[in-house]
Number of protein chains: 2
Amino acid sequence: MSDTFGQTVFEAPGHDHDACIRGALARADALCAERGLRLTAIRRRVLELIWDNHRPTKAYDLLSAISAERGNAAPPTVYRALDFLLEAGLVHKIESLNAFVGCDAGHERGHPKFLICRRCEHVAEIPGPAVDSAIAREAERSGFTVDHETIEIGGICRRCAAAD
Amino acid sequence: MSDTFGQTVFEAPGHDHDACIRGALARADALCAERGLRLTAIRRRVLELIWDNHRPTKAYDLLSAISAERGNAAPPTVYRALDFLLEAGLVHKIESLNAFVGCDAGHERGHPKFLICRRCEHVAEIPGPAVDSAIAREAERSGFTVDHETIEIGGICRRCAAAD
DNA sequence: TGTACAAATGTTATATATTAACGCAAAGCA
DNA sequence: TGCTTTGCGTTAATATATAACATTTGTACA
């Protein structure tokens, strides 16, 4: 039970979420500039809405928000923005929830892997290559070539467990 | 590259699929008898349709089939059967495909983990506890208590790779 | 600077996936 | 037999996602 356990995989209790959002948008701006991608107003706003909190965001909630702001907006408006953001690696889809979270790059060059608290609904990415390695070994045993991983672990985060 | 690699995680090339289906249904009958669950005609037929091949089956494809056979059948008919089968552990849902596969019990008492070939679309379960262990270790590092895992690995199976 | 092409967005419609609610019928049990 | 639970039929609604085509915006280049 040492205190060195429990890194900031989930965000720290009093973390500055405004800074968190600003950072994510700044990273998105930089990445798009670097790759010649166009982070248009809609795309940027969708990304910002997704980063509004650390819970997965539903496409139709994005649609409501965008629609309220602009007067118009139909499903394709949102889904196209999401396609772009997914393609650019700026957001991830949580398949088991049909919802989207901002990419915090915790996975670095591996496949994203999520811890999802069913109490507070916050999502965190599992960093490091350990899980990927285990999967790669198992896949190799049956001659399977991995090119995509959907890894979504549900449970209870430390904070929610402590709150009991 | 030894020949001892490559167990029958994916079904063998010439496997007797009729026997495969019969086995799955027999296991389902036994399990339901043992637990006092009622494998009704609809439920059994849905299970049989899912086992028709090793590809994930969509709910509406089941609906079409059932509907053609019985004349009637609405979405709840199929979804209720699926709920029962999922609950009983006889089938799994592939979240990334919104589709269902028969449980081959390859995971034994762990969480199911899938290899999904994007060429032939066959699905196999990864047996053994190695991946679960790696996940458990990573989760523990952040004080996360795991109670559910969605693990769906996409790629190319040995047979499809060999067919190039 | 204008034009031409590509990319992005608007718009309408539809496809696909899932659940809610209610009533009837059959199965299991006292 | 009557009661209760479970399963099923049916209608409707909600949730998620894409197709197809029109219009606009951005960008490059003559």
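If you take CG of Asp61(B) and P of dA15(C), they are 15 Å apart, rounded to a whole angstrom. Atoms CD (Glu87(A)) and P (dA7(C)) sit 13 Å apart, rounded to a whole Å. At whole-Å resolution of the value, CG in Leu86(B) and P in dT18(C) are 10 Å apart. Atom-to-atom, CG of Leu39(B) to P of dC8(D) comes out at 10 Å; the value is rounded to the nearest Å. Ile66(B) places its CD1 atom 16 Å from the P atom of dG7(D), with the value rounded to the nearest Å. Rounded to whole Å, atom C1' of dT16(D) lies 11 Å from atom CG of Leu63(A). Here the P atom of nucleotide dA15(D) and the CG atom of Leu97(A) are 16 Å apart, to the nearest Å. Distance, Lys93(B) NZ to dT16(D) P: 11 Å, rounded to whole Å.
The phosphate of dA17(D) has OP1 or OP2 within less than 4.0 Å of a side-chain N or O from Tyr79(A). For Lys58(B) and dT16(C), the shortest distance from a side-chain N or O to OP1 or OP2 is not below 4.0 Å. Residue Asn98(A) places none of its side-chain N or O atoms closer than 4.0 Å to OP1 or OP2 of dA15(D). For the pair Arg43(A) and dA8(C), the criterion of a side-chain N or O lying under 4.0 Å from OP1 or OP2 is met.
Residue contacts shown for Arg80(B) include a base, since a base heavy atom lies under 4.0 Å away.
Looking at Tyr60(A), its side chain comes within 3.5 Å of the base of dA17(D) through a donor and an acceptor atom.
Between Lys113(A) and Glu152(A) there is no salt bridge, since none of the side-chain N atoms of the basic residue sits less than 4.0 Å from a carboxylate O of the acidic one. Salt-bridge formation is detected for the pair Glu48(B)/Arg45(B): a Lys NZ or Arg NE/NH1/NH2 atom is positioned less than 4.0 Å from an Asp or Glu carboxylate oxygen. For Glu140(A) and Arg158(B), the salt-bridge test fails: no basic side-chain N is under 4.0 Å from an acidic carboxylate O.
For Phe100(B), the listed nucleotide lying nearest its side chain is dT18(C); candidates were dG7(D), dT18(C), dT9(C). When distances run from any side-chain atom of Arg38(A) to the nucleotides dG9(D), dA7(C), dT18(D), the shortest one goes to dA7(C). Among the nucleotides dA19(D), dA8(C), dT19(C), the one closest to any side-chain atom of Pro76(B) is dT19(C).
His54(B) has its ring centre less than 6.0 Å from the ring centre of His15(B).
In this structure, the side chains of Cys103(A) and Val91(A) stay at 4.5 Å or more apart for every pair of heavy atoms.
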